Amino acid sequence: MSSNVVHETHSETVQSGRPIDRPRRPAWIEIDLKQLRRNYEVINREKTKGLKLLLVVKDEAYGHGGLKVAKAALEAGVEFLSLSNLDEAMALRGGGIDTRILLLGERQDEELPWCVAQNLTCCVDSQEVVLKLGKLAEKVGRPVPVHLKINTGMNRYGVRWTEALALVEFILSTKSLQFEGVLSHFAMSDELDKTFANLQLERFKMVLAELADKSIHVKYRHICNSGGFLDLPQAHFDMVRIGLLQYGVYPSQVCRRIPGIAPVMSVKARIAAFQNIEAEDVVGYGMRYKAPSPRRIGVIPIGYGDGYPRIRNEGYVLIRGRRAPLVGGVAMDAIMVDVTDVPEAQLWEEIVLMGRQGDEEISVHDVARWKNSVSYDILTGWRARLPRIYLS
Ligand SMILES: *Cc1c(COP(=O)(O)O)cnc(C)c1O
C-alpha cells in the first residue's frame with residue numbers, strides 16, 4: 001500500500017495554515033465535502049417542497065469546519081444558518097458568509113449591538129431583551145427581525161408557553177422590531193416513545209392557536225431538530241433546524257433512515273511502529289494488557305490529546321478492512337493495537353479509527369459506545385491539533 005494514498009487520489013485543501021510543503025502529521029480527519037453535498041441533496045429531495053431549511057453549524061459545524069460547511073450549505077439553498085454564540089457568527093461573517101444567521105441561546109446586553117450591526121437574528125424570551133433590541137433597532141432605522149423562543153417543557157431557554165402570547169403582544173408593540181418567528185426545542189425527539197415530544201408539540205400548537213385567534217401572522221414556525229425532521233412530520237411547520245443529520249449521522253439507532261445519507265467525517269492515521277512481543281509481555285502505561293501468546297503490536301500515533309476516547313482493552317481500528325483490537329490503555333499521543341491477524345500490515349500504511357475501510361465500518365455510534373457518550377460528543381470532541389483534510 002502506498003504511503004501517501006490521500007495525496008495521490010484526492011484533491012485536498014488543508015485548513016491548518018501548515019505550509020503546503022511541510023509533511024502532514026500521520027493522523028488526521030477527513031471531511032468528505034462530496035458526501036456533505038449528497039446529504040443536502042437527499043434532505044432536499046426528502047422534505048416537502050415549501051419546507052425551509054435552517055442548518056445548524058454551531059461548534060465548527062459539529063467539528064467538520066464551520067466555514068467550509070457553511071459554504072456548502074449555501075449552495076444547497078438553505079434559508080438560515082444557526083450558531084450558538086457571537087464568536088462563531090463573527091467567524092462566518094468574517095469569512096464572507098452574509099446569509100441569515102439565527103443565534104440560539106441567550107445574549108448578554110453587550111452583544112446585542114453586534115447582533116444588530118452584523119445582521120444576526122436573536123431569539124428573544126423576555127421583555128428586557130425585547131426592549132433593548134427595540135432601542136437598538138430604532139437607532140439603525142430598519143426593522144430588526146426576532147424569533148420568540150418558547151419553553152414547552154425542556155426548561156432550558158425560552159418563555160414558558162403559558163406566557164408566550166403576552167410577550168408576542170409586547171414584541172408587536174415594539175414597532176422597531178419585526179416579529180418573524182416562533183420556535184421551541186424538543187427534549188427527546190429521536191426515541192421510539194414520542195409521548196413527551198407530542199406533549200411539547202401540543203403546547204407549541206396551543207400558542208400558535210392563540211396567535212391565529214388574534215390574526216397574528218408568523219413567517220417561520222419551527223420546533224424540529226434532526227430527530228423531529230425524521231420522525232415527527234406533523235411538527236415540521238414552516239422550517240426545520242437540522243444539525244447532526246446533515247453530517248450523515250442519525251441522532252439515535254431507532255429513528256427513521258433515509259437512503260443516501262452517509263457520514264461525512266472519518267478519522268485516519270498511519271502505523272508508526274511495530275513490536276513483536278512474547279507471551280506474558282505487557283503493553284503501555286499501567287501494564288494494562290498482558291499478552292496471552294506471542295503477538296504483533298502496531299503503534300498508532302493518535303491519543304486522547306487528539307480527542308480519541310480514553311478507553312482500555314476495548315475498541316478496535318481497521319487495517320486492510322479488518323479489525324485490530326486496542327490493547328492496553330490510550331495514551332496522550334499513541335494507541336497500541338494487536339495486528340497479529342493482519343500479518344501483511346506495513347509500517348506507515350493507512351488505517352481507519354472512525355469510518356469505512358473495505359467492508360468494515362467503525363461508526364460514530366461505535367466510538368460513542370466505547371466512550372459511554374453520544375455521537376454529538378464524538379464528532380465535536382476531536383481536537384484542533386488533528387489536521388482536517390477536505391475532499392472535494
Ligand atoms: C443544536 C440544536 C439543533 C440541532 O439539533 P440536531 O439534533 O443536531 O439536529 C436544533 N435546535 C436547537 C435549539 C439546537 O440547540
Side-chain angles (χ1 to χ4, degrees), residues 36 39-40 42-44 46-47 51-64 66 69-70 73 76 78-86 88-89 92 100-107 120-125 146-159 161 181-191 194 196-197 200-201 203-204 220-233 235-258 261 263-265 364-365 368 373-381:
L36 180 68
N39 290 345
Y40 290 143
V42 170
I43 291 168
N44 268 320
E46 181 73 15
K47 72 174 187 63
L51 185 64
K52 306 279 192 224
L53 277 188
L54 172 152
L55 293 176
V56 182
V57 294
K58 62 195 180 193
D59 200 0
E60 286 295 330
Y62 292 39
H64 294 68
V69 170
V78 62
E79 196 82 359
F80 265 96
L81 294 173
S82 196
L83 298 163
S84 57
N85 66 54
L86 182 59
E88 293 174 332
L92 288 199
R100 296 288 306 274
I101 291 178
L102 182 70
L103 279 185
L104 303 165
E106 296 290 314
R107 303 277 66 83
L120 310 172
T121 303
C122 295
C123 294
V124 296
D125 57 10
V146 294
H147 288 216
L148 174 74
K149 179 81 178 264
I150 304 172
N151 169 19
T152 54
M154 174 147 171
N155 291 311
R156 192 168 67 177
Y157 298 120
V159 58
W161 74 97
V182 283
L183 70 148
S184 189
H185 193 40
F186 286 125
M188 191 168 98
S189 60
D190 52 8
E191 295 301 322
K194 300 287 200 260
F196 196 70
Q200 288 191 270
L201 180 56
R203 291 168 174 170
F204 190 62
Y220 299 108
R221 300 161 297 169
H222 48 114
I223 187 170
C224 281
N225 51 6
S226 295
F229 171 66
L230 291 165
D231 286 356
L232 294 163
H236 284 181
F237 300 104
D238 307 301
M239 186 157 78
V240 288
R241 302 188 303 270
I242 294 186
L244 194 67
L245 187 67
Q246 70 190 294
Y247 311 111
V249 179
Y250 289 92
S252 82
Q253 304 286 13
V254 295
C255 58
R256 184 170 65 95
R257 296 306 197 243
I258 307 177
I261 294 281
V264 171
M265 179 191 289
V364 182
H365 292 285
S373 186
V374 293
S375 52
Y376 298 83
D377 175 39
I378 301 304
L379 290 176
T380 57

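Order of appearance sets the numbers: ligands from 1, and atoms from 1 within every ligand. Keep in mind it's a predicted model, so treat the numbers as computed, not measured. All values below were derived from every heavy atom in this structure, side-chain atoms included, with hydrogens, water molecules and symmetry-related copies excluded.
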Under 3.5 Å, is there a donor-acceptor pair between the side chain of N151 and the main chain of G158?
no

Within the distance-only criterion (no hydrogens, no angle test), does the side chain of R107 pair as donor or acceptor with the backbone N or O of L104 below 3.5 angstrom?
yes

Please verify whether a non-hydrogen atom of L245 lies at under 4.0 Å from ligand 1.
no

Testing the 3.5 Å rule here: is there a donor-acceptor pair between the side chains of Y62 and Q246?
no

What atoms of ligand 1 come closer than 4.0 angstrom to any heavy atom of Y62?
1 (C), 4 (C), 5 (O), 6 (P), 8 (O)

Look only at interatomic distance and state if L244 has a nitrogen or oxygen under 3.5 Å from any nitrogen or oxygen of ligand 1.
yes

May I ask you to list the atoms of ligand 1 that are less than 4.0 angstrom from any heavy atom of K58?
1 (C), 2 (C), 3 (C), 14 (C), 15 (O)

Numbered atoms of ligand 1 (with element) below 4.0 Å of R241, judged on heavy atoms
9 (O), 10 (C), 11 (N), 12 (C), 13 (C)

Would you say the side chain of L51 lies within less than 4.5 Å of the side chain of F237, judging by non-hydrogen atoms?
no

Does the distance from a Lys or Arg side-chain N to an Asp or Glu carboxylate O, for R256 and E46, drop under 4.0 Å?
yes

Hey, is Y376 one of the residues with a heavy atom under 4.0 angstrom from ligand 1?
yes

Ligand 1 to I242 polar contact by distance, N or O atoms, under 3.5 Å
no

With a 6.0 Å cut-off on the ring centroids, do F80 and H147 count as close?
yes

Please list, in number order, the atoms of ligand 1 under 4.0 Å from a heavy atom of L104.
12 (C), 13 (C), 14 (C), 15 (O)

Looking at K52 and D238, is there a salt bridge between them, counting it only when a charged N and a carboxylate O are closer than 4.0 Å?
no

Heavy-atom nearest neighbour in the protein, as seen from atom 12 (C) of ligand 1, with distance rounded to 0.1 Å
H185 CE1, 3.3 Å

Side-chain touch L245/I261, heavy atoms, less than 4.5 angstrom
yes

Which of the ligand 1 atoms, numbered from 1, are nearer than 4.0 Å to a heavy atom of S226:
6 (P), 7 (O), 9 (O)

Which atoms of ligand 1 sit under 4.0 Å from any heavy atom of R156?
15 (O)

